[in-house]
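Working notes for the structure below.
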Amino acid sequence: AVTGVQTCALPIYIDFSKLTYIKMIGGEPLMEQDKFIEVLKRCKLDTMNILVTTNTTVRPNEELLSLLKQCKKVRWNLSVDTFGHMNDFLRKGSNWEEVKENIHWFMDSFPGLVNVNGVVSIYNANNFYELSDYVNEHYPKAKVAFNLIDGVDYMYPKHLPESAKKEIIKKLEGKNYPVVPRVIDALEQQGNFAWFLENDNKMNELRNETWYKYNDELYQLVKDYI
């Protein structure tokens with residue numbers, strides 16, 4: 001298997017004719033399409049299985065798309081965290097309108113071979129499921145899966161104020177998504193909103209923006225504590 005993206009030119013002597021599986025992960029693999037094309041041109045495409053994880057900001061160019069269409073199977077994981085412009089905040093450099101168009105493009109171009117994966121954090125705990133609703137409205141058989149954030153502690157949902165957590169839990173209790181019990185469990189844990197604000201303010205200063213306008217519902221729940 002080939003995993004990840006090489007940024008250097010491929011040695012001319014490498015033979016990929018017996019390669020049957022490639023997994024492309026980030027950074028953003030589709031920022032390195034020339035390298036991807038170079039590999040595929042050395043492969044026996046009708047035996048090739050490919051999995052690509054992309055943040056959905058870029059589509060394959062015509063040459064890459066032509067090669068992918070000749071492969072045995074090409075599956076896609078689209079990494080999108082929320083419906084709307086909050087995704088632009090969580091995925092710096094993305095443009096929601098383009099991301100939304102690209103979701104449709106991938107779904108239509110590779111039917112049945114596209115999954116959407118997102119992360120639930122303090123920033124979208126109240127409305128992450130809107131992305132599932134949107135995708136499944138247009139593609140009822142598409143799989144949309146969310147995982148609880150791991151590794152960036154200040155972004156854990158537990159750090160919301162208690163009053164906000166209670167309102168969000170009430171809202172989520174009526175939602176039938178696999179990740180909901182884990183999100184509710186996280187919201188029931190003890191947190192520290194002041195610590196979240198300290199880290200959030202540092203990031204806001206660095207990025208020269210805040211999330212408030214992107215998730216107004218959540219802002220209304222916490223504004224008295226800011």
Side-chain angles (χ1 to χ4, degrees), residues 55-57 77-100 103-104 115-140 142-226:
N55 62 20
T56 325
T57 60
N77 286 332
L78 308 184
S79 295
V80 184
D81 287 330
T82 191
F83 182 86
H85 289 284
M86 188 65 183
N87 189 70
D88 299 343
F89 179 86
L90 294 172
R91 303 268 179 169
K92 186 67 174 175
S94 67
N95 179 291
W96 169 247
E97 295 304 324
E98 293 177 359
V99 168
K100 184 167 65 172
I103 290 173
H104 286 276
N115 295 331
V116 179
N117 297 290
V119 174
V120 181
S121 70
I122 193 170
Y123 294 107
N124 66 345
N126 65 306
N127 63 6
F128 66 90
Y129 57 85
E130 291 178 359
L131 178 62
S132 296
D133 292 346
Y134 178 81
V135 172
N136 290 141
E137 176 185 354
H138 294 277
Y139 306 95
K143 180 181 177 181
V144 184
F146 277 88
N147 290 306
L148 199 61
I149 190 168
D150 182 31
V152 187
D153 191 73
Y154 84 90
M155 292 175 62
Y156 280 39
K158 68 180 181 181
H159 295 303
L160 286 166
E162 292 301 318
S163 60
K165 290 195 283 190
K166 289 179 181 178
E167 290 299 317
I168 295 172
I169 288 172
K170 277 194 277 185
K171 187 177 182 182
L172 293 181
E173 284 175 340
K175 305 296 181 183
N176 185 27
Y177 302 97
V179 76
V180 164
R182 293 185 61 205
V183 177
I184 290 177
D185 180 67
L187 290 167
E188 290 176 339
Q189 297 175 24
Q190 186 67 39
N192 185 341
F193 191 60
W195 188 59
F196 161 75
L197 286 178
E198 179 183 348
N199 287 275
D200 181 59
N201 287 335
K202 290 177 182 177
M203 294 301 298
N204 292 340
E205 290 176 6
L206 287 172
R207 295 164 54 134
N208 195 31
E209 65 177 337
T210 70
W211 57 270
Y212 305 153
K213 65 180 179 180
Y214 301 122
N215 191 342
D216 183 66
E217 179 187 60
L218 184 63
Y219 175 66
Q220 295 303 320
L221 291 174
V222 304
K223 65 180 183 179
D224 291 341
Y225 300 89
I226 296 175

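Treat the numbers as computed from the prediction; the structure is a model and nothing was measured.
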Stepwise, does the side-chain contact (heavy atoms from CB on, under 4.5 Å) test hold for Tyr134 with Lys100? CA-CA 10 Å; Tyr134 178 81; Lys100 184 167 65 172; 3.5 Å; yes
Decide yes or no on salt bridge (Lys or Arg N to Asp or Glu O under 4.0 Å) for Lys202 and Glu198, but give the supporting numbers first. CA-CA 6 Å; Lys202 290 177 182 177; Glu198 179 183 348; 3.7 Å; yes
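- When side chains are defined from C-beta on, Leu78 does not count as touching Asn55, because their heavy atoms never get closer than 4.5 Å.
- Here the closest non-hydrogen pair linking Pro178 and Pro181 is O-CD, 3.3 Å.
- Residues Met203 and Tyr154 meet the side-chain proximity criterion, which asks for heavy atoms closer than 4.5 Å.
- At least one donor-acceptor pair under 3.5 Å links the side chain of Asn124 to the backbone N or O of Ser121.
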Before giving the answer on side-chain contact (heavy atoms from CB on, under 4.5 Å), spell out for Asn126 and Leu160 the whole-Å C-alpha distance, their side-chain angles and the decisive distance to 0.1 Å. CA-CA 11 Å; Asn126 65 306; Leu160 286 166; over 6 Å; no
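- In this model, a donor atom of one side chain and an acceptor atom of the other lie less than 3.5 Å apart for Asp200 and Tyr123.
- Side-chain atoms of Asn192 come within 3.5 Å of backbone N or O of Trp195 as a donor-acceptor pair.
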Show your reasoning for whether side-chain contact (heavy atoms from CB on, under 4.5 Å) applies to Ser132 and Phe146. CA-CA 9 Å; Ser132 296; Phe146 277 88; 3.6 Å; yes
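- At least one side-chain heavy atom of Asp153 sits less than 4.5 Å from a side-chain heavy atom of Lys158.
- For residues 174-192, the set of pairs meeting the salt bridge (charged side-chain N to carboxylate O under 4.0 Å, His left out) definition, not counting sequence neighbours, is empty.
- Closest approach of Trp211 to Val222, counting heavy atoms only: CH2-CG2, 3.8 Å.
- Of the possible donor and acceptor atoms, one in the side chain of Lys165 sits under 3.5 Å from a partner among the backbone N and O of Gln189.
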For side-chain contact (heavy atoms from CB on, under 4.5 Å), just list the numbers for His104 and Tyr139, CA-CA rounded to whole Å, side-chain angles, deciding distance to a tenth of an Å, and then say yes or no. CA-CA 9 Å; His104 286 276; Tyr139 306 95; 2.9 Å; yes
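- The two residues Ser94 and Asn87 make their nearest non-hydrogen contact at OG-O, 3.5 Å.
- The minimum heavy-atom distance linking Pro157 with Leu148 is given by the pair CG-CD1, 4.1 Å.
- Counting heavy atoms from C-beta on, the side chains of Val144 and Tyr129 never come closer than 4.5 Å.
- In this structure, the side chain of Asn147 does not engage the main chain of Gly118 through any donor-acceptor pair within 3.5 Å.
- Side-chain contact between Tyr212 and Ile226: present, with at least one pair of heavy atoms (C-beta onward) separated by less than 4.5 Å.
- At least one side-chain heavy atom of Asp150 sits under 4.5 Å from a side-chain heavy atom of Tyr156.
- Residues Asp216 and Gln220 bring a donor and an acceptor atom of their side chains to less than 3.5 Å of each other.
- Minimum interatomic distance between Val80 and Leu131 (heavy atoms only, all atoms of both residues): O-CD2, 3.4 Å.
- A pairwise comparison of heavy atoms in Leu90 and Arg207 identifies N-NH2, 4.5 Å as the closest pair.
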Evaluation steps, ring-ring contact (aromatic ring centres under 6.0 Å, His included), between His85 and Phe89: CA-CA 7 Å; His85 289 284; Phe89 179 86; over 10 Å; no
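- Applying the 6.0 Å contact sphere to NZ of Lys166 captures no more than 12 heavy atoms from other residues, nucleotides or ligands.
- Side-chain contact between Leu221 and Ile168 is present, with at least one heavy-atom pair separated by less than 4.5 Å.
- For the pair Asn215 and Thr82, the minimum side-chain heavy-atom distance is 4.5 Å or more.
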